[in-house]
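The next block holds one structure in the form of structure tokens; read it before the comments.
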Amino acid sequence: VVARCYQRAELVVDATSEDPDLVDAAMWAVLGGGRPGWVVAAPVVIGEQIVCVLYGHGSTPLDDPPVARFAELAEAAGVAFGRLIRAAQR
């Protein structure tokens, strides 16, 4: 995930392809669900700085348009965070 964030690209993972580790299983339990079918993550960037990672997962089949929208959502979140920070500095 970190490497893809530094590449400024989203990451889509088939979560059914390997056994989850304890951290993954605990995170999914805290989020209120079992093992997802897929996981997607995208960096939220302000300027050149990665400020957080947008995460999503689900069990229904995932196709390309939702992945593209997810990347757009991460980009919009970065713009919005930047505006909030600039407004707070005034």
Side-chain angles (χ1 to χ4, degrees):
V1 171
V2 172
R4 292 293 287 193
C5 285
Y6 281 112
Q7 295 169 355
R8 305 295 196 261
E10 69 277 353
L11 170 69
V12 181
V13 176
D14 177 358
T16 62
S17 64
E18 335 180 334
D19 289 331
D21 61 26
L22 293 175
V23 173
D24 291 336
M27 180 181 68
W28 296 329
V30 167
L31 292 173
R35 181 180 184 168
W38 53 266
V39 171
V40 62
V44 176
V45 179
I46 299 176
E48 294 297 316
Q49 185 71 33
I50 298 170
V51 295
C52 64
V53 176
L54 186 62
Y55 169 89
H57 72 247
S59 57
T60 59
L62 183 66
D63 54 6
D64 288 337
V67 172
R69 284 189 222 119
F70 196 82
E72 291 170 6
L73 181 59
E75 183 178 343
V79 171
F81 284 159
R83 287 180 184 155
L84 287 170
I85 290 168
R86 283 190 298 279
Q89 292 173 340
R90 291 185 206 150

Is there any salt bridge (charged side-chain N to carboxylate O under 4.0 Å, His left out) pair reaching into residues 30-42, and which pairs are they, with sequence neighbours excluded?
-> none

Sequence neighbours left out, what pairs pass side-chain hydrogen bond (donor to acceptor under 3.5 Å, both in side chains) with at least one residue falling in residues 73-88?
-> none

Could you walk me through whether Ile46 and Ile85 pass the side-chain contact (heavy atoms from CB on, under 4.5 Å) check?
-> CA-CA 10 Å; Ile46 299 176; Ile85 290 168; 3.7 Å; yes

Can you hop from Val79 to Leu84 via hydrophobic side chains spaced under 4.5 Å?
-> no

Quick one: side-chain contact (heavy atoms from CB on, under 4.5 Å) partners of Leu54, sequence neighbours excluded?
-> Val44, Phe70, Leu73, Ala74

Least distance between heavy atoms, Gly34 atom then Trp28 atom | O-CB, 3.7 Å

Check side-chain contact (heavy atoms from CB on, under 4.5 Å) between Val45 and all other residues, then give those that pass, not counting sequence neighbours.
-> Arg8, Pro43, Ile50

When rounded to the nearest 0.5 angstrom, what is the spacing between CG in Asp14 and CH2 in Trp38?
-> 11.5 Å

All side chain to side chain donor-acceptor pair (under 3.5 Å) counterparts of Asp24, not counting sequence neighbours = none

Who are the ring pair (Phe, Tyr, Trp, His ring centres under 6.0 Å) partners of Tyr55, not counting sequence neighbours?
-> His57

